[in-house]
Protein chains: 2
Amino acid sequence: MSESTAAPLVPTTSIPTPQTRDGNASLRVARGLREAIVAGEYPPGSRLRQEEIAERFGASRVPVREALKVLEADGLITLVANAGAWVSQLTLAECEEVYQTRERVEPLLLRLAAGSITDETLDELDSLAEAMVATDDVEEFLRLDRAFHLAMYAGARTLVLSDLVERLWNSTQPYRRAYTLMIDAHSQRIVHDEHHMLVTALREADVDSAERILEGHIRRTRRRLAAHPQLFADTTTDRPTTPRQTTPRQKGPSWPSQ
Amino acid sequence: MSESTAAPLVPTTSIPTPQTRDGNASLRVARGLREAIVAGEYPPGSRLRQEEIAERFGASRVPVREALKVLEADGLITLVANAGAWVSQLTLAECEEVYQTRERVEPLLLRLAAGSITDETLDELDSLAEAMVATDDVEEFLRLDRAFHLAMYAGARTLVLSDLVERLWNSTQPYRRAYTLMIDAHSQRIVHDEHHMLVTALREADVDSAERILEGHIRRTRRRLAAHPQLFADTTTDRPTTPRQTTPRQKGPSWPSQ
DNA sequence: AATCTTGTGATTGGATGCAATCCCGTCTAC
DNA sequence: GTAGACGGGATTGCATCCAATCACAAGATT
């Protein structure tokens, strides 16, 4: 490239600041990497190399490391000092913990949001629930499910709580995906009924019922997940049978302790 | 490569690594700064300068920035791009949000911990509750209150949930402190009674009652806080009456949006 | 033959330096 | 007297560079 300039110094790869704009690089990396993990691009246990991520997002390793700290706090990845970063692997117990937390927290968020749910929102919820029945694409199903729940909560003028709920959703997304892949028609029908009952309760402005239905909905999902322990990291085997290839099954705790 | 090391270069400034040890600096900074904020050393609204923190903890600005990211995720501080970091200021609404979340989440954690509470723990809880009545030092009171609750939860073999509860405690600590300063004898007596009832319920292994008592305990504290809105940042005045001296009241949202 | 030791390559952690941006006191205009 | 503009100084954001640590493979010893 580039003989036009006599001085071959200054490599600069043509553009001086290709994407330094956009305000702040670490935010961009955190957002993008979070999306990629939630989308399943990096499955649980994947090793995340700083330089690879840096190159992918057109940044240096410094903002990447800041983003990794954020994602660790999100519970999405696990950092081990001087060793590296891995996408978090949840044990069944940890996943149930997150779901039990959701059972308590999401009904509250729904209550806080219920007041400002409009008729248009209710119609939108109905069509989302319908679309979930119609599709048989797993990714589409997951997207619709997430959209359904977040649409219910959209009216809440909260920051802390909606943030928390989104984190809880993100950290369990891989397991919802794995489970959805093996879901049967019967369970799918139940999910649909529960969603429909939720919209009905909301339409009648019966917040107490809506809370209870939502709690039961999450609890049933948790129970169904618990019936498939093979989806999770095994707690019994401390020494991994797989001698750690590119993905050391458990380099540190699957969830950072602090 | 090279010769047999005839050259005694290597300045090494006497001590090779004065405090590089200790594993990792950003963890040390995050821990120390969190303690300092929770201890009230930096009140809400304080500006946090990277270089000052770096010097305080004997590190450079890079690990400090990583620590700031972690504390932002904790909800303890608020980062604004290209502007700086401030200790988070909660509005009354945000503080109530956190308390409502605690009302739902802490009873669950108590339930999960209840199974492994020993008699010694119960005695310890009793003495902590007694000590709270005895003292009239605010900091001591806060420390004991925190110790009481965390001791109840100590037996829970959870990581996500206990982490979450600790974060919720930390982010509301300044307001508990401000409130405790103006607490009357009557309210203090109620707190003591609730703590005593909690221990009693736990001693009788009545988890359902314990959950309800704990929920009511937190709710009553929230109500008392709400009766003192002057403790919080004001939502009505968008332009701060105080023209921002060292502490710009609201540079961005008091809680990071993502 | 199995285990311990040693050394090399790869990866992470942290310090320094520089460009971009913002804060804030001061000045100007109405 | 109040609101807006402006420029110096301070502070943040990021890239590069170097040291420290770890993983892993080859060799030596019992």
Side-chain angles (χ1 to χ4, degrees), chain A residues 10-13 15-30 46-55 57-70 72 77-86 240 242-252, chain B residues 1-2 5 9-13 15-30 45-55 57-70 72 77-86 239-240 242-252:
Chain A
V10 195
T12 67
T13 67
I15 307 170
T17 54
Q19 50 195 143
T20 300
R21 213 194 85 277
D22 177 21
N24 153 335
S26 92
L27 196 72
R28 190 181 67 234
V29 174
S46 309
R47 171 89 183 260
L48 298 174
R49 264 169 251 270
Q50 296 177 3
E51 208 134 7
E52 176 196 329
I53 301 169
E55 194 186 7
F57 292 100
S60 89
R61 278 173 47 225
V62 172
V64 168
R65 300 191 41 186
E66 295 174 9
L68 291 179
K69 286 287 184 182
V70 172
E72 182 190 29
I77 69 174
T78 301
L79 294 179
V80 180
N82 289 318
W86 287 264
T242 318
R244 150 183 334 175
Q245 35 213 36
T246 60
T247 64
R249 249 231 334 97
Q250 207 74 328
K251 172 70 190 190
Chain B
M1 62 173 67
S2 75
T5 70
L9 278 175
V10 194
T12 69
T13 68
I15 307 172
T17 56
Q19 48 192 142
T20 301
R21 214 195 82 277
D22 178 18
N24 115 6
S26 90
L27 197 72
R28 191 179 68 235
V29 174
S46 309
R47 171 91 184 258
L48 297 173
R49 264 169 250 271
Q50 295 177 3
E51 208 134 6
E52 175 196 330
I53 301 169
E55 193 185 10
F57 292 99
S60 89
R61 279 173 46 225
V62 172
V64 167
R65 297 181 43 124
E66 295 174 7
L68 290 179
K69 287 286 185 182
V70 172
E72 182 189 31
I77 69 174
T78 301
L79 294 179
V80 180
N82 289 318
W86 287 264
R239 43 298 243 358
T242 318
R244 148 182 337 175
Q245 35 213 36
T246 60
T247 64
R249 246 232 333 97
Q250 208 74 327
K251 171 68 192 191

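The sequence lines fix the lettering, A, B, ..., with proteins before strands; numbering per chain opens at 1.
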Measure from [atom1] on [X] to [atom2] on [N] and round the result to the nearest Å.
X       : N      : atom1 : atom2 : value
B:Phe57 : C:dG13 : CZ    : P     : 20 Å
A:Trp86 : C:dT11 : CH2   : P     : 12 Å
A:Arg28 : D:dC14 : CZ    : P     : 8 Å
B:Glu51 : D:dT12 : CD    : C1'   : 10 Å
B:Glu66 : C:dG14 : CD    : P     : 6 Å
A:Leu79 : D:dC22 : CG    : P     : 16 Å
A:Arg65 : C:dG13 : CZ    : P     : 5 Å
A:Asn82 : D:dC22 : CG    : C1'   : 7 Å

Legend entry - Which atom of B:Gly58 lies closest to which atom of B:Arg28, heavy atoms considered: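 Looks like O-NH2, 3.6 Å.
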
Inset, instruction - Might you point out which heavy atoms bring B:Val64 and B:Gln50 nearest each other, and give the distance in Å? - result: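 So the two residues come closest at CG1-O, 3.9 Å.
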
Legend entry - Under-3.5 Å donor-acceptor pair between B:Arg61 side chain and C:dG14 base: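 No such pair is found, so the answer is no.
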
Inset, instruction - Could you pick out which residue, A:Ser60 or B:Ala85, lies toward the 5' side of DNA chain D when each is mapped onto its nearest nucleotide? - result: B:Ala85

Legend entry - Partner residues of B:Glu51 under the side-chain contact (heavy atoms from CB on, under 4.5 Å) criterion, sequence neighbours left out: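 Partners of B:Glu51 by the side-chain contact (heavy atoms from CB on, under 4.5 Å) criterion, ordered by chain and then number, come out as B:Arg61.
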
Legend entry - Nearest-neighbour nucleotide for the B:Arg47 side chain, D:dT12, D:dA15, C:dG14 considered: D:dT12

Legend entry - A:Ala59 side-chain proximity, nearest of D:dC14, C:dG14, D:dA15: D:dA15

Legend entry - Nearest-0.5 Å distance, CZ of residue B:Phe57 to CD of residue B:Glu52: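 Those atoms lie 10.0 Å apart.
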
Legend entry - Any B:Gln50 side-chain nitrogen or oxygen under 4.0 Å from OP1 or OP2 of D:dA10: no

Inset, instruction - Would you indicate, yes or no, if C:dC22 has its OP1 or OP2 atom less than 4.0 angstrom from a side-chain nitrogen or oxygen of B:Arg49? - result: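 Indeed not, no polar side-chain atom of B:Arg49 lies that close.
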
